[in-house]
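Data first, discussion second: the structure below is written as structure tokens.
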Amino acid sequence: MQYTRLGRSGLKVSRLCLGTMNMGSKSWKPWIFDEAEAEPIIGHALDHGVNFIDLADFYSAGAGEEIVCNVLRRLARRDELVLTTKLGYPIGGGVNNSGHSRKHVFDALEGSLTRMKSDYVDIYMLHYFDTETPIEETMDALNDVVRQGKARYVGVSTMYTWQFAKILAACDRNGWARPINMQLQLNAAYREEEREMIPFCMDQGIGVSVFSPLARGILTSDMSSIRNKTDFFTAEMYNDAASRDVAMSVARVAEARGLTPAQVAQAWVLRKPEISAMLVGADTRAQVDSALAALTTDLDAEEVFEIERNYTPCDPINDYTAGKRIPRAPRPAAGRFATGLDAVA
């Protein structure tokens, strides 16, 4: 296993982070693994040096934190793990049971620690940017939970660069605990974060951990999984010709090397020195092994060019563009420009 510090912090994490959105309760999603099914995967990751575990109160409406930490207590020492959990999305009733208000920050953290049966979380993260709550209120509350010892660090996930800049400015202005980790989506089919967010994080000394390195499975050339048949987000994010062309290129490189497409797609992410850690949402021990192999899989310049040559810009993927993203394909002419094109030609 390779280990690295998250940004300029002193915290060392494995470059592979075990994602746990697929672990919890099947009543939440049909593709979720229960505790017995999750334990072999968690154990395999731990056996191979993974110390970085990603959780969220939203996953299985809290059941994910509970079952994953049940397994971790049996298999690992708490002080050897780096556990992160996130807040923001609603997991119950009540108008204050979501967002990043001071009330919800404290209520959500107490709920997470109770389910985790832990006195603290290593990194407490905002799941998104709450546009309704003043960022000063949120970061003041997060600073308090750090000073109380209930969180060792704070982090953030999935937002625009200008929103993250507001967070850092508020922290610096008031002397509050700065986020040490930005969790974002990055893969060969979605690279928009390379334009501003990742360079900004490098400039500010923020660690970057990336999720969905396989583009929700399309870069494995397998669109027939239960998750992809039941999860509308896959179609929302990657149902365009450019994504399919990138997947074909990944498969072409994999075939030439005698590797799986998954290993090639993961190696493309891990080859980037600016990436601190890559989340692995494994359904099998073999999928953990694929990510482990990707850590030492080098891609040459021709392979990288083949993977990247079909990429074209697209709308950002975040909460604020959900349901409104424009596919990466030319749109037909509309209005007065829909007629007379032949004459112009």
Any non-hydrogen side-chain atom of [X] less than 4.5 Å from a side-chain atom of [Y]?
{"X": "T84", "Y": "V82", "answer": "no"}
{"X": "L214", "Y": "Q266", "answer": "yes"}
{"X": "V154", "Y": "I180", "answer": "no"}
{"X": "N187", "Y": "R216", "answer": "no"}
{"X": "M116", "Y": "L83", "answer": "yes"}
{"X": "I42", "Y": "M23", "answer": "yes"}
{"X": "R73", "Y": "N70", "answer": "yes"}

Separation between [atom1] of [X] and [atom2] of [Y], rounded to the nearest 0.5 Å:
{"X": "T85", "Y": "L55", "atom1": "OG1", "atom2": "CG", "answer": "5.0 Å"}
{"X": "E136", "Y": "C171", "atom1": "CD", "atom2": "SG", "answer": "9.5 Å"}
{"X": "Y153", "Y": "I123", "atom1": "OH", "atom2": "CD1", "answer": "8.0 Å"}
{"X": "F58", "Y": "S112", "atom1": "CZ", "atom2": "OG", "answer": "13.5 Å"}
{"X": "L16", "Y": "S209", "atom1": "CG", "atom2": "OG", "answer": "12.0 Å"}
{"X": "E306", "Y": "S249", "atom1": "CD", "atom2": "OG", "answer": "3.5 Å"}

Tell me if a side-chain donor or acceptor on [X] pairs with a main-chain N or O of [Y] at a distance below 3.5 Å.
{"X": "Y3", "Y": "G49", "answer": "yes"}
{"X": "S60", "Y": "S25", "answer": "yes"}
{"X": "S212", "Y": "Q185", "answer": "no"}
{"X": "T133", "Y": "D130", "answer": "no"}
{"X": "N143", "Y": "M139", "answer": "no"}
{"X": "R15", "Y": "M278", "answer": "no"}
{"X": "S276", "Y": "L6", "answer": "no"}

Which heavy atom in [X] sits nearest to a heavy atom in [Y], and how many Å separate them?
{"X": "V146", "Y": "A177", "value": "CG2-CB, 4.2 Å"}
{"X": "L81", "Y": "L46", "value": "CD2-CD2, 3.8 Å"}
{"X": "V121", "Y": "L113", "value": "N-CD2, 3.9 Å"}

So, [X] and [Y], do they make that salt bridge, N to O below 4.0 Å?
{"X": "K26", "Y": "D34", "answer": "no"}
{"X": "R115", "Y": "E65", "answer": "yes"}
{"X": "K103", "Y": "D107", "answer": "yes"}
{"X": "D122", "Y": "R78", "answer": "yes"}
{"X": "R102", "Y": "D144", "answer": "yes"}
{"X": "E255", "Y": "R252", "answer": "no"}

With a cut-off of 6.0 Å (strictly less than), are more than 12 heavy atoms of other residues, nucleotides or ligands near [atom1] of [X]?
{"X": "F305", "atom1": "CZ", "result": "no"}
{"X": "K12", "atom1": "NZ", "result": "no"}
{"X": "R77", "atom1": "CZ", "result": "no"}
{"X": "D119", "atom1": "CG", "result": "no"}
{"X": "M248", "atom1": "CE", "result": "no"}
{"X": "R285", "atom1": "CZ", "result": "no"}

Can you list the residues that meet the side chain to side chain contact (heavy atoms under 4.5 Å, CB included) rule with [X], with sequence neighbours excluded?
{"X": "D283", "result": "N22, F33, Q287"}
{"X": "P313", "result": "E192, R195"}
{"X": "T312", "result": "A242, R328"}

Check the side chains of [Y] and [X] for a donor-acceptor pair under 3.5 angstrom, ignoring hydrogens and angles.
{"X": "W268", "Y": "E303", "answer": "no"}
{"X": "Q204", "Y": "R8", "answer": "no"}
{"X": "T297", "Y": "Q263", "answer": "yes"}

The criterion is salt bridge (Lys or Arg N to Asp or Glu O under 4.0 Å); which residues satisfy it with R74, sequence neighbours excluded?
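Salt bridge (Lys or Arg N to Asp or Glu O under 4.0 Å) check on R74 returns E35, E39.
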
Would you call the rings of Y59 and W28 parallel, tilted or perpendicular, where under 30° means parallel and over 60° means perpendicular?
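Rings of Y59 and W28: tilted, as their planes differ by 30° to 60°.
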
Would H100 and H104 satisfy ring pair (Phe, Tyr, Trp, His ring centres under 6.0 Å), going step by step from the backbone distance to the final call?
CA-CA 6 Å; H100 299 148; H104 190 57; 7.8 Å; no

Listed pairs under 3.5 Å, donor-acceptor, residues 157-168 side chains, sequence neighbours left out:
residue	atom	partner	partner atom	Å
S157	OG	Q183	O	3.0
T161	OG1	M197	N	3.3
Q163	OE1	Y160	N	2.9

Could you go through V105 and L142, starting from their C-alpha distance and side-chain angles, then the distance that decides it, and tell me whether this counts as side-chain contact (heavy atoms from CB on, under 4.5 Å)?
CA-CA 7 Å; V105 166; L142 288 178; 3.9 Å; yes

Give a yes or no on whether [X] and [Y] share a hydrophobic cluster (residues Ile, Leu, Val, Met, Phe, Trp, Tyr; joining criterion: side-chain heavy atoms under 4.5 Å apart).
{"X": "I91", "Y": "V68", "result": "yes"}
{"X": "I53", "Y": "Y120", "result": "no"}
{"X": "V264", "Y": "Y190", "result": "yes"}

Not counting sequence neighbours, list each pair that qualifies as a salt bridge (Lys or Arg N to Asp or Glu O under 4.0 Å) and has a residue in residues 41-57.
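Qualifying pairs: D54-K86.
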
Qualifying residue, where the test is side-chain contact (heavy atoms from CB on, under 4.5 Å) with I198 and the options are L184, V210, I206, D203:
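It is L184; the other options fail the test.
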
Which is it for Y128 and Y89 under the ring pair (Phe, Tyr, Trp, His ring centres under 6.0 Å) test, yes or no, and what are the steps along the way?
CA-CA 9 Å; Y128 59 93; Y89 295 118; 4.7 Å; yes

